[in-house]
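Here's the structure, in structure tokens; my notes come after.
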Amino acid sequence: MRFNVAAAAASVALLAGSAHAEDQKVVADESSSSSSSSAAASSATSKVAPPVPTFTPTKLKAPFLEQFTEGWDKRWKPSHAKKDVQGDEEWAYVGEWAVEEPTVYKGMEGDAGLVVKNAAAHHAISAKFPKKIDPKGKTLVVQYEVKMQNGLECGGAYMKLLRDTKALHQEEFANTTPYVIMFGPDKCGHTNKVHFIFNHKSPKTGEYEEKHLSSPPAAKIVKTTELYTLIVHPNNTYIIQQDGENVKEGSLLEDFTPAVNPPTEIDDPKDKKPDDWVDEARIPDPDAKKPDDWDEDAPFEIVDEEATQPEDWLVDEPTQIPDPEAQKPEDWDDEEDGDWIAPTIPNPKCSEVSGCGPWTKPMKKNPDYKGQWTAPYIDNPAYKGVWAPRKIKNPNYFEDKTPANFEPMGAVGFELWTMQNNILFDNIYIGHSVDDARKLAQETFFKKHPVEEYLENADKPKEEEKKPESPSDLKFKDDPVKYITEKLDLFLTIAKRDPVEAIKFVPEVAGGLAAIALTLVAVLLSALGGGSAVPAAKKAVVDVKDKAKDLKGEVKAAASGADTGKTEASKRNTRSQN
């Protein structure tokens, strides 16, 4: 009984050791990739859903704060104007709007927003401020939420802060309505950015010019709510945030195209290049002459007179022969269709030799070929350099040191075209307090966003666990008992038919049996004790060790043979596929 326990223990230990070494390699291979995504996976795989908050209207105050509560339709008016475009074609703003709760990844109960209802349509809607917002000398904060419930392939989700004018009529809000700032995401094809554009008035000419952020950040196109924030300080610095994190910051005087301030000098429009100006840096050498031995008529190639016909060239064999496998079609009529002639194929005999048919000497490059002669180039002694008009003072030059003093704004509007509907806007803040904008986000966005992310992660398809299809797919760490049982059963099943094959396919069991043999000898030595039996037992131990070594070598050879067979089979399969 002790022997059986010891033998089983030895076999289990050896099998476990082999499996542990194999699993250690797998763990090492997977550790690098799993560690990098462990933080993200923890939230995605969380089984505890965060509590769903309930919307409560904020008590914060601001020059303009919109949460689309009761009475929103008295503040927001859709436009019925026609979109002014170049040419004869006009587009009407026929897109519909609604205020409703989200239908995709709803993160807060009772939190409704303004929704774009139609795909592939022009939409325009605006709301007037209770009184104009004048950002002169103040920090300007623009913040709102965007939820692209159907994603966004092509379209805008930006807002416009409209210039305060007497002609500001909501029913006529269109793409030509003057605006002060345009801010928010826009995507179509490879274009994907968060717009920040402001209209700047020249104090010299009184004309307006759009200033575009040169390197805008990319928009985040997801179905969860995203928070966009623009902060412009009186010192002309700006910050763009997504979900409360800074993604872009800089200066109005440095990061926009065209620049806010024009150059001090410009090219003189009246200055013209003189007729005698020489701007060719190099010219053909006028003193160069074609050499007397220069033959422009020499051919590029000539016949290789030294070439000889290859010995295996089959002069009497045609390059094409009738296809021996071609057969005359059954519906061929010699009287109507003429004599049938089999199609030709390349003569297979020609592929085995240098060539067939009449042999002619090949062509070779003519060593005397020089081509058409041209004079070499030299530096032009009359060269005056690259001409450029002289500089004059810019008559329209000005220096605006405070472009952050935007013009007063009277309304906010969404004027959009999009291929996707169900874009939702919510919790709009336009004012002067960075802290209040952050507090509003804490009451709304930062409460709903974790819930939406949880729902999004729960909606992702789960990877199915791979079930072992055979004992060779089993891993010791998954189920040690099953691993050992299946391996032993597989070994014994194969060994009944072919012991050598059993060693090849399950070498770890063969090694375990060798360990059992060693354990048996150790047990016998312990039972017999000393006397004349000891030398014989010691000799038995040596023999068993030698047999174990031989078995180990046979196992390695068998495994190597199996690997070689797999490699050769792979090569054959590859060749057959090619």
(Q) Tell me if the NZ atom of Lys131 is crowded by more than 12 foreign heavy atoms within 6.0 Å. (A) no
Q) Would a distance-only check, ignoring hydrogens and angles, find a side-chain to backbone donor-acceptor pair under 3.5 Å from His449 to Thr225? A) yes
Q) What distance separates Asn396 CG from Asn394 CG, expressed to the nearest 0.5 Å? A) 5.5 Å
Q. What's the spacing between Met159 CE and Ile181 CD1 if we round to 0.5 Å?
A. 11.0 Å
(Q) Any side-chain to backbone donor/acceptor pair from Asp267 onto Pro269? Under 3.5 Å, distance only. (A) no
Q.
Which label fits Phe198 and Phe196: parallel for a plane angle under 30°, tilted from 30 to 60°, or perpendicular past 60°?
A. tilted
Q | Within 45° cone and under 6.0 Å: Arg438 NZ/CZ vs Tyr429 ring | A | no
**Q.** Contact check, side chains of Leu114 and Leu424, non-hydrogen atoms, under 4.5 Å
**A.** no
Q. Under 3.5 Å, side chain of Asn457 to main-chain N/O of Glu453, donor-acceptor pair present?
A. yes
Q.
Name the residue from Glu415, Glu210, Arg163, Lys160 that meets the side-chain hydrogen bond (donor to acceptor under 3.5 Å, both in side chains) definition with Tyr179.
A. Glu210
Q: Look at atom CD of Gln442 and say whether more than 12 heavy atoms of other residues, nucleotides or ligands are closer to it than 6.0 Å.
A: yes
Q: Please confirm whether the backbone N or O of Glu96 pairs with a side-chain atom of Asn118, one donor and one acceptor, at under 3.5 Å?
A: yes
Q: Could you grab the distance from atom OH of Tyr105 to atom CG of Leu455, nearest 0.5 Å is fine?
A: 8.0 Å
Q) Which residue pairs satisfy the disulfide bond (SG atoms under 2.5 Å apart) criterion with at least one member in residues 185-272, sequence neighbours excluded? A) Cys154-Cys188
(Q) Has Glu254 got a side-chain atom pairing as donor or acceptor with Ala259's backbone, closer than 3.5 angstrom? (A) no
Q | Nearest-0.5 Å distance, CD1 of residue Ile239 to CD1 of residue Ile231 | A | 5.0 Å
Q) Distance-only, no hydrogens or angles: does the Gln149 side chain make a donor-acceptor pair with backbone N or O of Val104 under 3.5 Å? A) yes
Q) Which pairs with one or both residues in residues 139-148 pass side-chain hydrogen bond (donor to acceptor under 3.5 Å, both in side chains), sequence neighbours excluded? A) Thr139-His233, Gln143-Thr229, Glu145-Asn427, Glu145-Thr444, Glu145-Lys448, Lys147-Glu452
(Q) For the backbone of Thr205 and the side chain of Ser202, can you confirm whether one donor and one acceptor N or O come within less than 3.5 Å of each other? (A) yes
**Q.** Mutual orientation of the aromatic rings belonging to Trp294 and Trp373 [parallel < 30°, tilted 30-60°, perpendicular > 60°]
**A.** perpendicular
Can you list, pair by pair, the side-chain donor-acceptor contacts under 3.5 Å of residues 275-288, counting residues two or more places apart and other chains?
residue : atom : partner : partner atom : Å
Trp277  : NE1  : Gly385  : O            : 3.0
Asp279  : OD2  : Lys273  : NZ           : 3.0
Arg282  : NH1  : Asp379  : OD1          : 2.9
Arg282  : NH2  : Tyr377  : O            : 2.8
Asp285  : OD1  : Asp287  : N            : 3.0

Q.
Any side-chain to backbone donor/acceptor pair from Lys211 onto Asn199? Under 3.5 Å, distance only.
A. no
Q. For Thr237 and Ser251, what are the C-alpha separation, side-chain angles and deciding distance, and is it a side-chain hydrogen bond (donor to acceptor under 3.5 Å, both in side chains)?
A. CA-CA 4 Å; Thr237 60; Ser251 169; over 6 Å; no
(Q) Would you say Tyr228 and Asp243 are linked by a side-chain donor-acceptor pair, where the criterion is simply a distance under 3.5 Å? (A) no
Q. Going by the angle between their ring planes, with limits at 30° and 60°, are Phe68 and Trp76 parallel, tilted or perpendicular?
A. tilted
Q. Stepwise, does the side-chain hydrogen bond (donor to acceptor under 3.5 Å, both in side chains) test hold for Glu226 with Thr224?
A. CA-CA 6 Å; Glu226 296 303 308; Thr224 56; 3.0 Å; yes
Q: Taking Asn261 for its side chain and Leu253 for its backbone only, find out whether a donor-acceptor pair lies under 3.5 Å.
A: no
Q: Indicate the ring-plane relationship of Trp97 and Phe414, choosing parallel, tilted or perpendicular according to the 30° and 60° boundaries.
A: tilted
Q: Give a yes or no on whether the backbone of Ala441 and the side-chain of Lys447 come within a donor-acceptor separation of less than 3.5 Å.
A: no
